[in-house]
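Take a look at the structure set out below.
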Amino acid sequence: MLTVIKCGGGAGQDPVHVSPDVAALTARGDRVLVLHGGSASVDHLAGRLGVPQRRLCTPSGTSSRYTDPATLEVLLLALAGQVKPMLLADLHRHGVAAIGLTGIDVGVLQARRRSVHTAELDGRRVVVRDDQTGTLTAVRTGPLHALMDAGLVPVLSPPAIAEDGLPVNVDADRAAAAVAVALGAENLIFLTGAPGLLADPDDETTVLAEHRLTDGGSRIAGGMAVKLKAAEVALRGGVGQVLIADGRVQGPVLRALGGLS
Amino acid sequence: MLTVIKCGGGAGQDPVHVSPDVAALTARGDRVLVLHGGSASVDHLAGRLGVPQRRLCTPSGTSSRYTDPATLEVLLLALAGQVKPMLLADLHRHGVAAIGLTGIDVGVLQARRRSVHTAELDGRRVVVRDDQTGTLTAVRTGPLHALMDAGLVPVLSPPAIAEDGLPVNVDADRAAAAVAVALGAENLIFLTGAPGLLADPDDETTVLAEHRLTDGGSRIAGGMAVKLKAAEVALRGGVGQVLIADGRVQGPVLRALGGLS
Amino acid sequence: MAMELCPSCRGQVVVDGSARASEIVECPECGSVLELVSTNPFALALAPDVAEDWGE
Amino acid sequence: MAMELCPSCRGQVVVDGSARASEIVECPECGSVLELVSTNPFALALAPDVAEDWGE
Ligand SMILES: [Zn+2]
Ligand SMILES: [Zn+2]
């Protein structure tokens with residue numbers, strides 16, 4: 001039984017809540033891989049370093065972090081040098097043998113570098129040449145299996161590595177889905193800063209009991225739309241179940257899985 | 001054949017020079033573990049973040065980085081989020097399957113947290129209560145062997161993890177020696193920013209052909225004295241040979257080893 | 001505000017004075033998609049033929 | 001500059017006005033090693049019994 005847990009990223013969401021659950025799952029012999037983001041840490045560190053954070057928008061309304069070279073540097077600092085060590089130390093305190101990786105380690109997350117494109121930046125349509133972003137093309141499963149065979153819990157995060165051998169940012173939700181598919185995971189759990197999938201993102205009482213991937217004209221947008229897309233990719237790729245769950249509670253993983261059963 | 005390479009740290013020394021050598025050694029079936037520091041990156045990032053860097057001195061003249069909590073945060077950012085990813089990406093470009101760790105990962109470097117002590121800080125004798133520093137007490141070799149068994153090159157650095165489960169800074173040279181001893185390495189190579197062991201640290205023409213560990217009253221001080229102490233520990237611990245070599249040249253490791261033989 | 005020549009049709013293109021390098025402007029005469037490759041002095045070039053969307 | 005009482009012998013201890021918290025001062029009368037635990041107001045306490053050296 002392999003469970004991929006996507007956590008971290010949203011403000012107000014403490015990624016270390018996952019440690020007791022990871023300890024419980026591994027204690028019963030399950031395999032676990034944690035994939036984390038850390039947008040709030042990136043934003044905070046960017047502020048301290050005076051690196052402005054901007055978003056690239058498309059006419060269709062989606063937006064993504066404008067990962068210029070200075071932002072990529074901050075992203076690596078925050079994810080690999082701050083979020084991940086905190087998570088690893090917490091897992092260690094809970095007795096979990098965890099090992100941290102970004103997509104650069106052993107080239108685990110391989111991406112195609114995004115080519116020159118146009119987008120809306122600060123309300124103006126511009127040619128973007130220096131966006132250090134990519135689309136995942138492959139997950140190297142061999143090293144991940146080897147780590148798990150050795151009883152270790154991989155703690156993975158962006159960036160990925162591009163065909164030119166340089167790091168590029170990739171979406172962490174999509175990466176979680178790609179990793180879950182590549183490893184043939186039974187469970188993929190997205191821990192979010194919301195109680196579940198909301199019909200109205202501003203109203204936490206509107207949790208949807210059911211959402212069909214084929215539902216057209218959905219009001220669901222932003223980060224949750226990306227999670228839904230990633231969930232769809234994972235399900236179509238053979239992942240047993242995908243759960244989108246509240247990451248702000250104690251024991252969020254076991255709760256989503258319905259207990260240790 | 002296992003070779004532990006200690007690199008990085010000194011300004012003017014590019015740690016990525018090691019990649020072709022690591023590739024050559026692993027291509028012939030050798031095992032390699034890289035242990036890196038990164039003082040220059042720590043200092044530079046501390047400057048950008050406005051975190052003052054100070055040194056603690058003892059009456060005997062040794063000094064160490066005053067790792068207050070803000071500095072420990074910078075140290076993690078710089079080593080895990082900057083030096084290590086650059087090194088890993090460069091190794092990847094050279095075809096080396098490298099995986100990065102700090103001592104926090106799998107609790108690989110275990111340390112005893114330094115207790116309250118007195119030292120000289122900014123010329124004044126003070127009680128130091130918040131120094132996030134430790135002394136290595138154990139190296140967990142199991143995970144390191146497992147990684148190397150899987151064909152991976154571990155790229156390790158401080159910090160270590162203390163008995164309270166929180167990170168503490170440790171000296172990278174001493175850590176390299178401890179790791180080499182624990183793993184039973186044949187070779188331990190310290191790459192430095194000097195052509196070798198100098199009788200006069202300010203004169204690069206004074207390379208010593210021989211230095212006896214029992215030599216008393218040595219003029220050798222500072223970082224090189226720590227390296228010599230670490231070398232002694234390694235040799236007494238059974239490491240086949242310890243080489244202190246110029247890390248600023250092309251192919252520094254193979255050069256120190258006298259070629260691939 | 002500046003008047004520049006379209007590199008394609010030599011028609012007049014108005015460039016907003018606050019425009020920044022890499023900004024896209026369209027030629028009102030021939031419809032060419034142009035990039036403001038420099039703001040000092042103002043210089044227009046045909047924009048690279050690139051996708052607008054993330055391609056997902 | 002401030003005159004403080006030694007917490008051990010009640011003798012007079014001179015504390016430099018530029019001294020900072022956690023600084024070590026010695027009582028000239030009884031030789032006790034004291035720590036300036038506060039600078040506003042100045043307050044002395046017996047220093048913890050700690051090692052000076054790195055213990056290597
Ligand atoms: Zn035109
Ligand atoms: Zn006294």
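Lettering of chains follows the sequences in order, A, B, ..., and the numbering in each one begins at 1. Quick caveat, the model's predicted, so the values are computed rather than measured.
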Toward chain B, the part of [X] with a non-hydrogen atom under 4.5 Å:
{"X": "Leu147(A)", "value": "side chain"}
{"X": "Ala97(A)", "value": "both"}
{"X": "Leu45(A)", "value": "side chain"}
{"X": "Ile99(A)", "value": "both"}
{"X": "Asp164(A)", "value": "backbone"}

- [ ] Taking the side chain as every heavy atom from C-beta outward, state whether Arg93(A) and Ile161(B) have any atom pair closer than 4.5 Å.
- [x] no
- [ ] Identify which of Ala89(B), Gly151(B), Pro159(B) forms the greatest number of heavy-atom pairs closer than 4.5 Å to chain A.
- [x] Ala89(B)
Give the minimum heavy-atom separation between [X] and [Y], together with the two atoms involved.
{"X": "Ala78(A)", "Y": "Leu77(B)", "result": "N-CD2, 4.4 Å"}
{"X": "Val106(A)", "Y": "His92(B)", "result": "C-ND1, 4.4 Å"}
{"X": "Ala80(B)", "Y": "Gly81(A)", "result": "CB-CA, 4.0 Å"}

Task: CZ/Arg255(A): more than 12 non-hydrogen atoms of other groups inside 6.0 Å - done: no
- [ ] Check whether more than 12 heavy atoms from other residues, nucleotides or ligands sit under 6.0 Å from atom NE2 of His145(A), and answer yes or no.
- [x] yes
Task: Value rounded to 0.5 Å, distance of CD1 in Ile104(A) from CG in Leu91(B) - done: 11.5 Å
- [ ] Nearest 0.5 Å please: distance from the NZ atom of Lys84(B) over to the CG atom of Leu76(A).
- [x] 12.5 Å
Open item on the list: Is Ala98(B) close to chain A through its backbone or its side chain, or both, or neither, when contacts mean heavy atoms under 4.5 Å?
Closed with: backbone
TODO: Would you mind telling me which of Leu152(A), Leu88(A), Val155(A) makes a side-chain contact (heavy atoms from CB on, under 4.5 Å) with Asp105(B)?
DONE: Leu88(A)
